[in-house]
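Take a look at the structure set out below.
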Amino acid sequence: MTAENPLAITITRRFDFPIERVFDAWLDPARAGKWLFATPTGTMVRVNIDARVGGAFNFTDRRDGEDVEHVGTYLEIERPRRLVFTFGVPKYSKLFTRVSIDLKPLPTGCELTLTQEGTPPEWVDRTREGWGKIVEALAANLTAG
């Protein structure tokens, strides 16, 4: 399945944490399972992360008794500055997009830029909102310890 005129979505956020800590939160199953693709009303029932180029991930969130898998494959891992992966939610679409996480150090903390490429136009608003919530959940998780 291909999207007509796919678009890129970009979200940028600053963090008051070291770049390594922010980067590692994406690849640590115990930490990532608490915020990445987790929903307030769901229960994360599976977190598998094979953190190597070519390795896969699977986050399964149980929502109203149904399992929703968020899956992909790591394309680039350049700790602590860049993470690139394919991303799909097979329950809703056969389409896979490409997500890049770019981090740059700041005098205090770091800046994260998330870009999702290949987003179908009809999903842009919902996708932007979803990634915004995920990045805020990351911030809350880092703040909590």
Side-chain angles (χ1 to χ4, degrees), residues 1-51 53 55-64 66-106 109-145:
M1 176 179 188
T2 59
E4 297 273 336
N5 302 314
L7 303 171
I9 294 168
T10 300
I11 294 173
T12 301
R13 189 186 194 290
R14 291 183 175 205
F15 291 88
D16 292 329
F17 300 99
I19 190 172
E20 295 83 4
R21 185 168 171 198
V22 175
F23 182 91
D24 292 346
W26 289 86
L27 298 177
D28 174 9
R31 184 170 287 261
K34 294 177 182 174
W35 64 270
L36 186 54
F37 309 121
T39 59
T41 58
T43 301
M44 191 61 66
V45 295
R46 181 182 312 119
V47 177
N48 294 324
I49 296 177
D50 182 4
V53 173
F57 65 83
N58 180 325
F59 291 78
T60 303
D61 192 39
R62 185 161 293 149
R63 303 172 186 173
D64 297 322
E66 291 190 78
D67 289 352
V68 180
E69 293 183 314
H70 299 77
V71 298
T73 302
Y74 296 107
L75 304 174
E76 297 177 40
I77 300 176
E78 299 174 20
R79 185 180 187 268
R81 296 184 184 260
R82 185 166 168 81
L83 178 65
V84 181
F85 51 89
T86 63
F87 172 65
V89 184
K91 180 175 182 63
Y92 301 119
S93 174
K94 293 180 182 177
L95 178 71
F96 276 76
T97 60
R98 176 184 168 105
V99 177
S100 304
I101 309 296
D102 290 293
L103 293 156
K104 82 175 175 185
L106 298 174
C110 64
E111 182 178 84
L112 178 147
T113 300
L114 181 150
T115 304
Q116 179 173 314
E117 300 170 87
T119 308
E122 65 272 19
W123 294 359
V124 167
D125 291 339
R126 185 173 179 173
T127 300
R128 181 176 289 116
E129 179 184 342
W131 281 120
K133 288 178 180 178
I134 286 171
V135 169
E136 289 308 313
L138 167 60
N141 183 267
L142 291 168
T143 300

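For the pair Gln116 and Ile11, the minimum side-chain heavy-atom distance is 4.5 Å or more. Trp26 places none of its side-chain heavy atoms less than 4.5 Å from the side chain of Ile49. By the 4.5 Å heavy-atom criterion applied to side chains, Leu103 and Pro80 are not counted as neighbours. Using a 4.5 Å cut-off on side-chain heavy atoms (C-beta onward), Trp123 and Ser93 make contact.
Taking OG1 of Thr97 as the start and CG of Leu7 as the end, the distance is 12.0 Å to the nearest 0.5 Å. For the atom pair CD (Glu78) and CZ (Phe23), the distance works out to 8.5 Å, reported to the nearest 0.5 Å. Remark: Ile77 CD1 to Ile101 CD1 distance equals 12.0 Å, nearest 0.5 Å. Distance check: Thr115 OG1 to Trp131 CH2 gives 11.0 Å after rounding to the nearest 0.5 Å. Between Tyr74 atom OH and Thr86 atom OG1 the span is 9.5 Å, to the nearest 0.5 Å. Here the CD atom belonging to Glu117 is positioned 5.5 Å from the CZ atom belonging to Arg98, to the nearest 0.5 angstrom.
Partners of Phe17 according to the ring pair (Phe, Tyr, Trp, His ring centres under 6.0 Å) rule, which considers only residues two or more places apart in sequence or in another chain, do not exist here. Every residue two or more places apart in sequence or in another chain was checked for a salt bridge (Lys or Arg N to Asp or Glu O under 4.0 Å) with Asp28, and none qualifies. For Arg82, the salt bridge (Lys or Arg N to Asp or Glu O under 4.0 Å) partners are Glu76, Asp102, not counting sequence neighbours. Qualifying side-chain contact (heavy atoms from CB on, under 4.5 Å) partners for Ala25, counting only residues two or more places apart in sequence or in other chains: Arg31, Trp35, Leu138, Leu142. For Arg81, there are no salt bridge (Lys or Arg N to Asp or Glu O under 4.0 Å) partners, not counting sequence neighbours. For Ala140, there are no side-chain contact (heavy atoms from CB on, under 4.5 Å) partners at least two apart in sequence or on another chain. Applying the salt bridge (Lys or Arg N to Asp or Glu O under 4.0 Å) test to Glu129 and every residue at least two apart in sequence or in another chain returns Lys133. For Thr39, the side chain to side chain donor-acceptor pair (under 3.5 Å) criterion is met by Asp61, not counting sequence neighbours. For Asp67, the side-chain contact (heavy atoms from CB on, under 4.5 Å) test picks out Val45, Thr60, Arg62, with sequence neighbours left out. Not counting sequence neighbours, the partners of Lys91 by the side chain to side chain donor-acceptor pair (under 3.5 Å) test are Glu66. Applying the side-chain contact (heavy atoms from CB on, under 4.5 Å) criterion to Arg13, with sequence neighbours excluded, gives Phe15, Val135, Glu136, Ala139.
In this structure, Arg63 places its CZ atom where more than 12 heavy-atom neighbours from other residues, nucleotides or ligands lie under 6.0 Å away.
Heavy atoms only, all atoms of each residue included: Val47 and Gly33 are closest at CG2-CA, 3.6 Å. The shortest heavy-atom contact between Leu95 and Gly118 is CD2-O, 3.8 Å.
Using cut-offs of 30° and 60° on the angle between ring planes, the pair Phe87 and His70 is parallel. Using the six-membered ring where Trp is involved, Phe59 and Phe37 have ring planes that are perpendicular, over 60° apart on the 30 and 60° scheme.
For the salt bridge (charged side-chain N to carboxylate O under 4.0 Å, His left out) condition, the pairs that include at least one residue of residues 32-49, sequence neighbours left out, are Arg46-Glu69.
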